[in-house]
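These notes are about the structure you will find just below.
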Number of protein chains: 2
Amino acid sequence: MSRDDGVPKTPPVRSRNPERTRAEILSVAVREFAEHGFHGARVERITKAAKCNARMIYHYFGGKEQLYLAVLDSVYAAIRNREGQLRFGTADPGLEARRLVEFTFDYFSENGDFLKLTRNENLLNGKYIKRSQMIRDMSQPFITAIGELVERGHASGQFARKPDPVQLYVTVVALSAHHLNNAATLGTVVGQDLTDPAWQAERRDHAVEVVLTYLGVETSE
Amino acid sequence: MSRDDGVPKTPPVRSRNPERTRAEILSVAVREFAEHGFHGARVERITKAAKCNARMIYHYFGGKEQLYLAVLDSVYAAIRNREGQLRFGTADPGLEARRLVEFTFDYFSENGDFLKLTRNENLLNGKYIKRSQMIRDMSQPFITAIGELVERGHASGQFARKPDPVQLYVTVVALSAHHLNNAATLGTVVGQDLTDPAWQAERRDHAVEVVLTYLGVETSE
DNA sequence: TAAATTAGTCAAAATATTTTTACTTAATTT
DNA sequence: AAATTAAGTAAAAATATTTTGACTAATTTA
């Protein structure tokens with residue numbers, strides 16, 4: 001048998017890669033905080049999934065709180081970035097209104113972590129989002145764009161109503177998000193599986209119809 | 001001066017009142033779980049607010065989890081009870097549709113803990129609500145009543161559309177709840193205070209208008 | 001290439017949180 | 001009114017969770 005008294009087991013050869021490690025921690029943390037919320041999230045689970053040591057979280061981010069903050073910033077940057085690509089102002093207002101609903105609906109549907117993170121952040125009363133000036137600034141343009149869309153649609157006579165842009169935006173988001181945010185409780189209450197893709201497809205049509213009907217836009221039959 | 005060496009300080013005279021203590025713990029726990037969620041809730045804070053000892057939670061409920069379960073059941077029983085008082089089926093369908101939106105909107109607005117608790121329960125993926133057969137059973141009748149309302153409204157020609165009752169219900173709830181559930185993040189994004197009563201009054205009108213317009217009911221101007 | 005820096009490991013300390021044990025006494029029952 | 005039961009207290013044990021200290025080695029820089 002081999003003897004290696006005094007000699008501790010060979011330390012595994014580690015490749016060093018700061019960017020990769022940092023990015024990996026952040027990406028894993030998005031999932032962990034989305035899935036369990038701030039209080040439910042476990043530092044240990046993050047390190048295991050990121051195949052690194054707890055010490056690294058303190059090394060790269062400073063602690064659990066700061067990591068959470070970095071996570072928030074990163075997901076808001078992602079959605080605002082995609083919204084920016086919509087480039088409203090050129091096409092038919094009725095079509096653009098439809099695109100607004102469809103984009104919002106699909107983004108939430110495809111990027112589940114975003115809603116889960118905001119749901120938790122609201123549980124915390126916005127404790128952390130309030131600290132982020134960046135998020136505030138990034139969001140301004142989109143609301144403005146919706147205001148201009150309403151303006152154009154109404155001026156052209158295509159929209160029967162001229163709602164407050166913020167109310168319209170909140171409605172679009174509500175119709176696109178509530179069934180995802182509350183799939184578990186609502187699903188139990190109505191006795192249906194709201195996570196079923198078929199259910200969600202039906203929901204999408206419904207959301208579009210509600211918004212376009214409200215605006216008074218002809219929904220092509 | 002009085003001497004009482006060896007004698008530990010006089011234990012305060014306690015009145016005993018099982019019902020009151022149990023009820024007090026439950027009521028305080030509703031607030032605590034609503035405010036902080038399951039993981040964020042602290043047994044110690046509950047005992048302090050209920051002016052009792054941690055031991056009592058184990059005595060009356062069995063533990064933190066069982067207490068949370070009791071809290072869930074109690075708030076669902078409360079809302080289903082109030083809904084039952086709506087007694088649909090007698091008045092004008094257009095008016096009843098309006099009453100449905102207004103009731104839902106107002107209930108959420110006035111009973112903040114309900115939405116906060118469901119928000120957290122959804123964060124936990126419905127782990128606990130799924131265990132409660134009672135909640136499932138209580139909810140059935142209300143969905144049925146909405147189905148009948150749609151049926152009547154459509155048959156009488158008053159509703160232009162005949163939407164799926166579940167979709168309609170989810171929409172009503174979404175329009176009534178989303179701005180409350182997400183006041184912190186949405187408020188930051190749109191740069192307005194969604195908790196302001198004036199804002200919420202505007203929201204109420206908007207929600208009613210969206211739903212009635214969708215149904216094709218004349219909204220009296 | 002020697003020195004400095006930074007990525008990374010391991011284990012334990014510090015903290016926070018829930019749960020239980022052991023006990024006291026008020027209320028209820030026999 | 002003695003015996004029993006249940007409400008209540010205090011304190012500490014058990015557990016869970018985050019954070020830090022002390023160290024090792026890979027990479028970069030002078």
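No hydrogens, no waters, no symmetry mates; every other heavy atom, side chains included, goes into these values. Chain letters run A, B, ... following the sequence lines, proteins first, then strands; residues in each count from 1.
With distances taken from any side-chain atom of Thr21(A) to the nucleotides dT19(D), dA6(D), dG8(C), the minimum falls on dG8(C). Residue Tyr60(A) places its side chain closer to dA7(C) than to any other of dT19(D), dT18(C), dA7(C). With dA6(D), dT18(D), dA7(C) as the choices, the nucleotide that has an atom nearest any side-chain atom of Arg42(A) turns out to be dT18(D).
Lys64(B) forms a cation-pi arrangement with Phe38(B), by the criterion of a distance under 6.0 Å to the ring centre and an angle within 45° of the ring axis.
Here the C1' atom of nucleotide dA25(D) and the CE atom of Met56(A) are 12 Å apart, to the nearest Å. In this entry the distance linking NE2 of His59(B) with P of dT21(C) reads 16 Å, nearest Å. Distance CZ (Arg20(B)) to P (dA26(C)): 17 Å, rounded to an integer number of Å. Atoms CG (Asn53(B)) and C1' (dT24(C)) sit 13 Å apart, rounded to a whole Å. Atom pair Tyr58(B):OH and dA14(D):P shows a separation of 15 Å (rounding to whole Å applied).
Cys52(B) SG to Glu24(B) CD: the interatomic distance, rounded to the nearest 0.5 Å, is 8.5 Å.
Two residues, Arg55(A) and Glu44(A), neighbour DNA chain D, and the one matched to the more 5' nucleotide by heavy-atom proximity is Glu44(A).
Pairing each heavy atom of Val208(A) with each of Arg98(A), the nearest pair is CG1-NH1, 3.7 Å.
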